[in-house]
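Naming convention: chains lettered A, B, ... in sequence-line order (proteins, then strands); numbering from 1 in each chain. Small disclaimer: the values here were computed from a predicted structure and weren't measured.
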Protein chains: 4
Amino acid sequence: MIIKMKKDAEWSVIEKIMDSLKKKGLGVHDINGEEYRIIGVIGDTSGLDMGSIEGLPGVETVTRIQEPFKKANRVLKSEDTVIDVKGIKIGGGNFTIMSGPCSVESRDQIIEVAEGVKAAGSQILRGGAFKPRTSPYAFQGLELEGLDLLKEARKITGMPIVTEIMSPSLVDKFVEDVDIIQVGARNMQNFDLLKALGKTQTPVLLKRGMSATIEEWIMSAEYIMSEGNPNVILCERGIRTFEKYTRNTLDLSAVLAVKKLTHLPVIVDPSHATGKRWMVKNLAMAAAAVGADGLMIEVHNDPENALCDGAQSLTPAGFAEVMVDVKKIAELVDKRI
Amino acid sequence: MIIKMKKDAEWSVIEKIMDSLKKKGLGVHDINGEEYRIIGVIGDTSGLDMGSIEGLPGVETVTRIQEPFKKANRVLKSEDTVIDVKGIKIGGGNFTIMSGPCSVESRDQIIEVAEGVKAAGSQILRGGAFKPRTSPYAFQGLELEGLDLLKEARKITGMPIVTEIMSPSLVDKFVEDVDIIQVGARNMQNFDLLKALGKTQTPVLLKRGMSATIEEWIMSAEYIMSEGNPNVILCERGIRTFEKYTRNTLDLSAVLAVKKLTHLPVIVDPSHATGKRWMVKNLAMAAAAVGADGLMIEVHNDPENALCDGAQSLTPAGFAEVMVDVKKIAELVDKRI
Amino acid sequence: MIIKMKKDAEWSVIEKIMDSLKKKGLGVHDINGEEYRIIGVIGDTSGLDMGSIEGLPGVETVTRIQEPFKKANRVLKSEDTVIDVKGIKIGGGNFTIMSGPCSVESRDQIIEVAEGVKAAGSQILRGGAFKPRTSPYAFQGLELEGLDLLKEARKITGMPIVTEIMSPSLVDKFVEDVDIIQVGARNMQNFDLLKALGKTQTPVLLKRGMSATIEEWIMSAEYIMSEGNPNVILCERGIRTFEKYTRNTLDLSAVLAVKKLTHLPVIVDPSHATGKRWMVKNLAMAAAAVGADGLMIEVHNDPENALCDGAQSLTPAGFAEVMVDVKKIAELVDKRI
Amino acid sequence: MIIKMKKDAEWSVIEKIMDSLKKKGLGVHDINGEEYRIIGVIGDTSGLDMGSIEGLPGVETVTRIQEPFKKANRVLKSEDTVIDVKGIKIGGGNFTIMSGPCSVESRDQIIEVAEGVKAAGSQILRGGAFKPRTSPYAFQGLELEGLDLLKEARKITGMPIVTEIMSPSLVDKFVEDVDIIQVGARNMQNFDLLKALGKTQTPVLLKRGMSATIEEWIMSAEYIMSEGNPNVILCERGIRTFEKYTRNTLDLSAVLAVKKLTHLPVIVDPSHATGKRWMVKNLAMAAAAVGADGLMIEVHNDPENALCDGAQSLTPAGFAEVMVDVKKIAELVDKRI
């Protein structure tokens, strides 16, 4: 941590700050320049509140040098984390496909889609039972009935299931019913939910918040991991920017950043990132090329009558076409698919 | 709602879409231009999923013309909503000050701050018991003990209290203990929490999400209101932009927008918006000048040793100075303070 | 400047970097922590290319601690710069109003508006002759004829004039004809233009670029000042964010930041910031309350038939109303108006 | 264009607007809903000023339905534009590589780099002679001497050259000396420069502005094309967002958008987008996978001592490695390279 002092800060003030840091077991170095003075702080500063140090008298700015995350940090665990979901491996050179409808709408729908995506090469079935919708007047999902239908689709197809949780009170139910629990972008900093999931061992798919920095996203993974659950899969799904042609702006550089900073697997969701069906194939290929560990793709048997997000859903046939090209790229970059 | 059709869309496709909309009771107008064709849709389209319509064959883009919110809409209720919190009025020409520490840290601290801010003119006491922190290693608040200390400070000073809730499971407890329940920026789209609060009658202070559009923010208010709780106070606290000199970018235009679009009171939090103590006074004055219904300001008796956000906290003496100038502006714009 | 080295950087590599910095006359301090090592660099680093240092072997990140600007820096000149435009003072406790139409459209128009705004208290007349328009098919301004009409309006009303320049080739002409030369948001980093204006002594009104950080904005002022022209007025006019309800997001915190970091006057343009006429009055009041040194406001005698930006233009009568309230606020914050 | 009228707008006001639009030769349709009324406008609205219509009495919002660009519009010219630069084809199924140093620094440097990148498969040589730098104290390029060195490198290697222009006064010189003229991100809306380039026939490489929407970017191409120069190559180089881990956020969805909306070739610059050398290879592969028409990559023979942007420059050997993988992807997506 680097503390830049004000030019006119008195020595007694500087000394007081340095003493207080030393008492916390930190190494402190005073560097005195002509126009400003800086205090270099060495040691584990992850528990310090930068805002409070910035508020001390004489302090101008505070800059953190060390990453504030530990469990997720690749510096402390260099090999890739590989998560095993009923024999399907995520991370560590594997390329994993999760696909299915935005929301579970009926038994026929989810089973038709599940069989379609399985035939095309999907390994995991996604489908929303509890749906976070901007409007209270929009379809909110089949909820518990949706979970049951997912389980039935799993039984028929053998595919593990991933679905979104919205409330800590449902964690036990999800742990029992679901193979991967998804935390959506809007709940990425729902810390009570993260802590509750950290107390389980069920793999968590953690979507990046709409305006979350890469560091904040990793810190949310750290919440889960620091409670004892190491099984976190990150999912880049686009960030909010000034550009409105696409629903969000897919940030493929973030995949590289996350893979450098952490040892966790990271997959990409081109469907939510763009909101446009016709963009999914090419961005899925780009995600494979950039080095992602997998994809999450929306597929619906009847997108025209989907209860949500029809515009970004592929048909099973369209998805099968995407898979052909994605596989070629994944193989070219030496991923197992 | 305006549906722009692709240039080469066939008539049968267009007709199918129009028929389906008519069946939903909507008025449909076909306008045929040389280079494109649009379908104008009239009626209550708030239940329609724009994404699914955009996914229909032949459709190029869909534009919503009508605001998707009803209960919060000023068109349907033109007079200002005034919320009464134990005799203190919020909205409708009143200017209300809420202040106190980022987090409750001890009995002495909260009572000293409470007495200080009351003396300076604050009407409502704020203080965090449950703290949403980016890092799992940072102080997470005194939790239930913090709530008890707030209640004690209320008893001593007579000031109503506002504090943040993070989980639906605590709604009953908060309804019993607290005068205004705050929903923080990170939970603005925690819809389960919003629905649970909508089933109470306790006033809710709804902070704008870090990257929430004005419309999304109002839709979150609509979640609460559509469940039966009309007592929503909006709070602008800065949005996330590319500019990093301030923690967030305070969006004072949003105050004007929200007051035009809705009948709800809206207050401003200059402390969180900037993260800088020395900016609070001038931005508080600007917020009063622009027409906000009040302020939420962080005050700490010992900012140097605050457990969070010391850099943005004023001392009670500093807060008293702010109040002098804010009052002058509020009076100048004909607010009761 | 702080250079964070990679954990595994060899000593020979570190030494090489430190030697190279010392040769440039900089002070160098080596701080060795357990998990990383940092090099603290003291002295004038404004000529160093951060990107190149970041590219050196063994380097992980580079953080600049010192502001890269000198001429504009308040640390080096603590008193406010006051710019005198034909007896009208800008900065240093004065509150200056510039107003007029988006573009000069005809002799009648500009003179009618000029007389109207003068009567209401405007001190400087604005009006576009050369117009930067997103579309090549939109009205591009009356160009040289527009300049002549502005001069005529100046002759009749006595008001100094400010208008936008778009090309370095017109600098001589503008110096001769115009009292303040405006650089628009789109040209804030047109460095050839800035350098050319730096070689004159004519006051320059430098608008903030749509996505310019505060530091980049000041660096553009530094371009003008480093060439010898100290007469720079900054103008905050909104930044581009994800929020689209307003054309841009007015960043009033930036006014405070700029006044702390530099000694230059800074004014606010609420018309371009919002694109909405009905927001101008309240935001003008907020700008005065926050401590800006003046305002730039669009006024048109016939907004309905304006050739550009009618939606944000006030009529002279509407402008007069704004002035009444703005004056009250400016006086309350002890500005001379 | 869709004009939404205020609920209480009087018929006379509505009629006036409709009449005025009809006089401009536009088709006008009145759609009257219960809660609002809309006017649908059909025909060429590209010359209309949306801002002025929005400012008319009774008008609430104005939405443009038709794209405001013509020459660049794929609707009006469906086949890909292919630009021929001395026999090298850009667009239309070709994958073209432009590479070289950020800035030309010396004869030895540019020739060594030119020969290195040619050997690795680069077809066009890039190198900055006039450099837009944020700081006036940073190296500003060798200027005219740099141009001469580029010409020498072209003579020796046979590679066409691309370099950035910053001022309209140099257009004649660049037309004579250079094969492709680059307009940098900061000058994307330097309309005088765009118009001057539009009067030539030299291919223009138009970089996307840091905060330019896709539509604004295309409109800047339209400026060049509407003056008579059809040879525009677009270049995505990252946009400014809240995320600061990378210098900018590379927007690969924009490549798909631009290829759908226009017939122009679009290439990607992963070096400037990220500012990080180690990200270039994977993002270059992603750009090829998504369907870009080529790449612009920074290469320096001695990145450690580069006068600018060393951190993002590859060595010729590093570039050669990138090329191996990029070629595989380009071939997989059926591009000629």
Subject >> Proximity breakdown for C:Thr241 and chain A, heavy-atom pairs closer than 4.5 Å >> reply: backbone
Original post:
More than 12 foreign heavy atoms under 6.0 Å from NZ of A:Lys4: is that the case here?
Top reply: yes
Subject >> disulfide bond (SG atoms under 2.5 Å apart) against A:Cys235, all qualifying residues, sequence neighbours excluded >> reply: none
Original post:
With a 4.5 Å limit on heavy-atom distance, are the side chains of C:Ile38 and A:Ile65 in contact?
Top reply: yes
Original post:
Should the heavy atoms of other residues, nucleotides or ligands under 6.0 Å from NZ of A:Lys16 be counted, would the total exceed 12?
Top reply: no
**OP:** Would you list the pairs meeting salt bridge (Lys or Arg N to Asp or Glu O under 4.0 Å) in which at least one residue belongs to residues 215-226 of chain A, sequence neighbours left out?
**Re:** A:Glu216-B:Arg240
Original post:
Under 4.5 Å, heavy atom to heavy atom, which residues of residues 19-31 of chain C contact chain A?
Top reply: C:His29, C:Ile31
Subject >> Under 4.5 Å from a heavy atom of chain C, the part of A:Asp44 involved >> reply: neither
Original post:
Within a radius of less than 6.0 Å around CD of A:Glu10, do more than 12 heavy atoms belonging to other residues, nucleotides or ligands occur?
Top reply: no
Original post:
Heavy-atom distance under 4.5 Å to chain A: side chain of C:Gln66, backbone, both or neither?
Top reply: both
Subject >> Within residues 252-270 of chain C, residues adjacent to chain A where the heavy-atom gap is under 4.5 Å >> reply: none
